[in-house]
Amino acid sequence: MPPVFSKLPLVLACLFLAGMDTRTAPAQTAASDPAETADLPGFGVWGPAYRLRNVPDGMRLVVRASGDRGAATVGSLTRSASEILVLNCFPEIVPLDFEDASPEAKREMLGGVWCRIDHYGMTGFVPGIYLDPILGR
């Protein structure tokens, strides 16, 4: 028998056993250690949902294609919009600083940035001064 074929049963047995190991491996679970949860998505500025603030009565907040007042409009949000997801902000807000800040300090940090948001499928940029974290959930 040629040398390749004499090792074929051993190779097949290894492949079979390796396949069994991957099928019976325990499923990954979310981190249960509170110290590890800081590394999970949704920490810092991206943690809470947001609602709008500082939008005058009868007005809508324009959502732009980029973080610039001259950028194209992609849509708008009503004054009462909430459950807004922040994807990122420019310049970036340090997540630990944001997490440890008081509600007033969080609003102040958001005041100087543009944030990329998603609101029920509409994605674009808004000035952070119009965003208010929904805290205490």
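Just so it is clear, the structure is predicted and the values come from calculations on it, not from any experiment. Numbering starts at 1 and runs along the sequence shown.
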Practice item. Measure from the side-chain N and O atoms of Arg64 to the backbone N and O of Ala71, and report whether any donor-acceptor pair falls under 3.5 Å. Key: yes

Non-hydrogen atoms of [X] and [Y] that approach each other most closely:
X      : Y      : answer
Ala49  : Glu83  : CB-OE1, 3.6 Å
His119 : Ser82  : NE2-O, 3.0 Å
Arg51  : Pro133 : NH2-O, 4.4 Å

Checklist entry - Is Ile93 reachable from Tyr50 through a run of I, L, V, M, F, W or Y residues, each pair having side-chain heavy atoms under 4.5 Å apart? => result yes

In the single-linkage hydrophobic clustering (I, L, V, M, F, W, Y; side-chain heavy atoms under 4.5 Å), do Ile129 and Val113 co-cluster? yes

Exactly one of Leu110, Ile117, Asp118 clears side chain to side chain contact (heavy atoms under 4.5 Å, CB included) with Val86, and that residue is Ile117

If I take atom [atom1] from residue [X] and atom [atom2] from residue [Y], how far apart are they, to the nearest 0.5 angstrom?
X      : Y      : atom1 : atom2 : answer
Ser102 : Met109 : OG    : CE    : 8.0 Å
Thr123 : Leu87  : OG1   : CG    : 6.0 Å
Phe125 : Trp114 : CZ    : CH2   : 9.5 Å

Sorted by chain and number, sequence neighbours left out, side chain to side chain contact (heavy atoms under 4.5 Å, CB included) with Val55 holds for Leu52, Met59, Leu61, Arg79, Tyr130

Hits for side-chain hydrogen bond (donor to acceptor under 3.5 Å, both in side chains) against Ser66, two or more places apart or cross-chain, chain-then-number order -> none

- Strictly by modelled atom types, are Arg60 and Ser76 linked by a side-chain donor-acceptor pair under 3.5 Å? yes

So disulfide bond (SG atoms under 2.5 Å apart) across residues 58-108, not counting sequence neighbours, yields Cys89-Cys115

